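Remember, it's a predicted structure, so these values are computed and weren't measured experimentally. Reckoned from all heavy atoms, side chains included, excluding hydrogens, waters and symmetry mates. Letters go in sequence order (proteins before strands), and every chain restarts at 1.
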Protein chains: 2
Amino acid sequence: MTTGDAPNAGRGNSSDHVRRHNLSVILGLVHRTRGVSRSQLTRQTGLNRSTIATLVAELVERELVLEIEPDASNQVGRPSPVVVPSRLVAGIAINPELDAIVVGLVGLGGNVIRRIRTATDHSPSVQEAVVIAAAAIEQLRPDLAEHRLVGVGIAVPGLVRAEDGVIRLAPHLGWVDEPIAAMVETATSVPTRAANDAQLGTMAESIFGAGRGVTDLIYVNGGASGIGGGIIAGGEPIGGGAGYAGELGHTLVNSDGLPCHCGATGCLDTEVRRERLLALVGLSDADDDALEAALLAAPSPVVIAEVHRQLDYLAVALRTAINILNPELIVLGGFLASLYAVAPDYLDRLLATQPLAASRESVRVVRAQLGSNLLMIGAAELAFEGLLADPASW
Amino acid sequence: MTTGDAPNAGRGNSSDHVRRHNLSVILGLVHRTRGVSRSQLTRQTGLNRSTIATLVAELVERELVLEIEPDASNQVGRPSPVVVPSRLVAGIAINPELDAIVVGLVGLGGNVIRRIRTATDHSPSVQEAVVIAAAAIEQLRPDLAEHRLVGVGIAVPGLVRAEDGVIRLAPHLGWVDEPIAAMVETATSVPTRAANDAQLGTMAESIFGAGRGVTDLIYVNGGASGIGGGIIAGGEPIGGGAGYAGELGHTLVNSDGLPCHCGATGCLDTEVRRERLLALVGLSDADDDALEAALLAAPSPVVIAEVHRQLDYLAVALRTAINILNPELIVLGGFLASLYAVAPDYLDRLLATQPLAASRESVRVVRAQLGSNLLMIGAAELAFEGLLADPASW
DNA sequence: GGTGATTTGTTGTACCGTAGAACATATTAG
DNA sequence: CTAATATGTTCTACGGTACAACAAATCACC
């Protein structure tokens, strides 16, 4: 017996598509779980175990997955082999930052194999960033020889048009209308896609991190260059018409606030800023862990006041987002997670009163789990997307 | 050749599901378009024309659709019969208002066959509303005898849990935690579902109204009891975890604003209100058309000032929503459409500066098209959902 | 430590649904 | 009136999954 399957759009479905779809579902499950037994696959897909056998056999044939010895499960019955992602398959993740270009080699299952951070002494141009990324990929050549490269994904701190991977605006890098995906694809000859970094972080946390198994969540990240976010609704990442969705940082939180670079005033992004925290704890430059340690170590009244002030504004933005999207989960990343770590009860109390009662009672707040690998894993999702959609074409 | 088909979740797919899916796709197209030729169906679904023939034949057999004479199309080639929704199939729509219960009989294709409005002299209890609705359905009995009733849908001015159709809060009716879907289902013995009225209006406008063919839109409605809204993202209605999504009325628009019944302060819903407009044009009670006529007829400075004030706040809420969701289209309904009719340029100018540039340049604002039938059509969508998902089971 | 119960892999067959080809039919263009 | 074109109709082929029967590997129990 096979259950449910609710495909979309106005498209029909033929046997060809059934095969493609089923291969895609299975490879997707193997990817997300990093290892499932064949018997679990039969249960989760609703397909017959003979069908699972042929489908898995095709994926093994194509060297996309491996079947390994069943683990001692203390279960009655014949043990079922575990299907794991092939270690051959890999994607490249690129993340340009203000002062560095990070390039990573990521295996199926979101496993970061290697990672090269190239610091830059100035904020690079897109051309420079592409050259640096290409050089880093060159460095990876020995590793690449052992892998099958299926794509490149770029996590950009700015607005990226989903359709063609053009950066419309990366304010802190000063990039405007730059076709970064096309440029990298030209340089690497590997299919390349680009998207907003926070959206990719959202996908990563949703698949491998704090949002596993949750269909409706909001991710909000606080970084050095500001606040970004992403949305998963009904289990799907929400990109909007062009790919610019998720900009929770430009929610109004203070009518009397300062003008924001976006053109409006009183945005979350203008009120809640990392620099202010750094200044208060006497750091000029620090990573998230150091900042959080300093905040927790020095709970002076001034620090607490600022933390509360920022949480007040965060709560206002979250109230709006909760009312609009009714998420089950809010995932906080970067220094927003630190703010929450310093005063969890304070934020919880605010969120227990501001949003509509029905929506607020079912929402949980947690911190992100993937840490420094977040954007590598997220960008790699973009790289894997084509493969996961149609495993048989590879 | 058949193209694309991207089903969801971790479910597999077998021949049984293919058939169900294809029937569902075709009935859905016939429903949405209110009439498609078989040749159009082959093109839009990508299925072979022999397959379309058998699928349509099954739907005809089940009396869900009819094939009618092709219309003179001036096209070369053999004319293709037009597939239209069967006039037999109908759903019941229920919409409780503050001073009336509206019940309608709606045919497949969103065609409102009959509509009964039962005025109440006081704000009814849920029990009263159900009794009144049941009585109205009784009145429809002669019509019902000629139709096949596939479901009941209820559009509730409040938060409704999607799972079981329990009203969590309908503030203006004073209803809390009322299992209205179950109550109506008991009274009618017809499968019944309930949802928020603005969400259903969103679906209706998206399928039959201003949002046809648009995959990412926001609908915002201004009614006597406040502001509601709904979201379509990636072509799908967004309900959130429990079904409470779309509450754009409780976005912060004024930090110095008044407390709102929702628990927060400065909500759009507290600043932008229909009563204020009614008072300024000297009406105590008027429908949307009368209010709009009065606003357009009497553009006194005071009226213009209030219209601008309300549009200022609406723009702030839309800016936040646009930044979060990047819609292609914003559909305004109720008195919000009237505000826009009075000063379209004013709102357009605000929206041309406040949201992020990339998002604002691709968004259009239009008014809703379905008028007084909006909620009947929307609620009927709920009634039809089961049928459209699996036509063969009926 | 053997035996039965249980679960799952394996193999071969049946069935279902769609695709495709060939032919029929209805329209337009000239 | 004829050719071109598009679509309906019919029949056959093919692909993919389900199912049944059997084999294999584990656990539970005595």
Side-chain angles (χ1 to χ4, degrees), chain A residues 1-5 7 11-26 36-61 65-83 390-392, chain B residues 1-5 7 11-26 36-61 65-83 390-392:
Chain A
M1 204 159 323
T2 75
T3 23
D5 171 63
R11 314 253 49 163
N13 201 335
S14 69
S15 63
D16 232 28
H17 297 102
V18 173
R19 184 63 170 208
R20 171 153 54 226
H21 169 64
N22 286 344
L23 286 172
S24 167
V25 166
I26 290 176
V36 231
S37 74
R38 263 161 65 178
S39 67
Q40 285 173 304
L41 285 172
T42 63
R43 278 189 294 271
Q44 291 189 37
T45 60
L47 296 168
N48 189 281
R49 62 179 192 262
S50 62
T51 308
I52 292 291
T54 64
L55 290 166
V56 169
E58 176 163 352
L59 294 176
V60 170
E61 171 74 21
V65 304
L66 288 172
E67 288 193 289
I68 61 174
E69 288 298 297
D71 39 24
S73 58
N74 298 330
Q75 286 233 333
V76 190
R78 178 173 175 170
S80 192
V82 176
V83 185
D390 186 7
Chain B
M1 203 159 327
T2 73
T3 23
D5 171 64
R11 315 253 49 162
N13 200 335
S14 69
S15 64
D16 232 27
H17 297 100
V18 173
R19 183 65 168 205
R20 171 153 52 226
H21 169 64
N22 286 344
L23 287 172
S24 167
V25 166
I26 289 177
V36 233
S37 73
R38 261 160 66 177
S39 68
Q40 286 174 302
L41 286 172
T42 62
R43 278 190 295 270
Q44 290 189 38
T45 60
L47 295 168
N48 189 281
R49 61 178 193 262
S50 62
T51 308
I52 292 292
T54 63
L55 290 166
V56 170
E58 176 162 352
L59 294 176
V60 170
E61 171 74 20
V65 303
L66 287 174
E67 287 192 290
I68 63 174
E69 289 298 298
D71 39 24
S73 57
N74 299 330
Q75 285 231 336
V76 191
R78 179 173 177 170
S80 192
V82 175
V83 186
D390 186 6

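- Of the candidates B/N48, B/T54, B/L47, B/N48 is the only one forming a side-chain contact (heavy atoms from CB on, under 4.5 Å) with B/S50.
- Contacts of A/P70 with the nucleic acid, taken as non-hydrogen atoms under 4.0 Å apart, are absent.
- Atom CD1 in A/I68 sits about 17 Å away from atom C1' in C/dG9, given to the nearest Å.
- Atom CZ in B/R49 sits about 9 Å away from atom C1' in D/dT9, given to the nearest Å.
- Screening A/L55, A/V25, A/T51 for a side-chain contact (heavy atoms from CB on, under 4.5 Å) involving A/T45 leaves a single residue, A/V25.
- Neither OP1 nor OP2 of C/dG17 sits under 4.0 Å from any side-chain N or O of B/T54.
- C/dT18 atom P lies 11 Å from atom CG of B/D16, rounded to whole Å.
- Here B/R43 reaches the OP1 or OP2 of D/dT7: one of its side-chain N or O atoms lies under 4.0 Å away.
- Atom CG of A/L47 and atom P of C/dC16 are 18 Å apart (whole Å).
- Residue pairs meeting the salt bridge (charged side-chain N to carboxylate O under 4.0 Å, His left out) criterion with at least one member in residues 71-80 of chain B, sequence neighbours excluded, do not occur.
- A close approach under 4.0 Å does not occur between any side-chain nitrogen or oxygen of A/S39 and OP1 or OP2 of C/dT7.
- At whole-Å resolution of the value, CZ in B/R20 and P in D/dT17 are 16 Å apart.
- Atom CG in B/N48 sits roughly 12 Å away from atom C1' in D/dT7 (whole-Å rounding).
- Between A/Q40 and B/L55, the residue whose closest nucleotide on DNA chain C is further toward the 5' end is A/Q40.
- Within the 3.5 Å criterion, the main-chain N or O of A/S37 finds a donor-acceptor partner in the side chain of A/Q40.
- With hydrogens and angles ignored, a donor-acceptor pair under 3.5 angstrom links the side chain of A/S50 to the base of D/dC19.
- Across B/S80 and B/P70, no two heavy atoms sit closer than the pair O-CB, 3.3 Å.
- Between A/I52 and A/Q75, the residue anchored nearer the 5' end of DNA chain D, judged by the nucleotide with its closest heavy atom, is A/I52.
- Phosphate proximity of C/dT18 to B/N22: present, with a side-chain N or O under 4.0 Å from OP1 or OP2.
- Phosphate proximity of D/dT7 to B/S80: absent, as no side-chain N or O sits under 4.0 Å from OP1 or OP2.
- Note that CZ of A/R43 and CZ of A/R38 are 13.0 Å apart. Values are rounded to the nearest 0.5 Å.
- For the pair A/E69 CD and C/dT8 P, the interatomic distance rounds to 17 Å; values are reported in whole Å.
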Please enumerate all protein N or O atoms sitting under 3.5 Å from an N or O of nucleotides 1-6 of chain C, with distances to 0.1 Å.
from: C/dT6; atom 1: O2; to: A/G77; atom 2: N; distance (Å): 3.4

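- Put simply, CG on A/L41 is 14 Å from P on D/dT17, counting in whole angstrom units.
- Between the side chain of A/R19 and the base of D/dG16, no donor-acceptor pair of N or O atoms lies under 3.5 Å.
- A side-chain contact (heavy atoms from CB on, under 4.5 Å) with B/P391 is found for one member of B/L59, B/V65, B/I26 and no other, namely B/L59.
- More than 12 heavy-atom neighbours from other residues, nucleotides or ligands sit within 6.0 angstrom of CD on B/E58.
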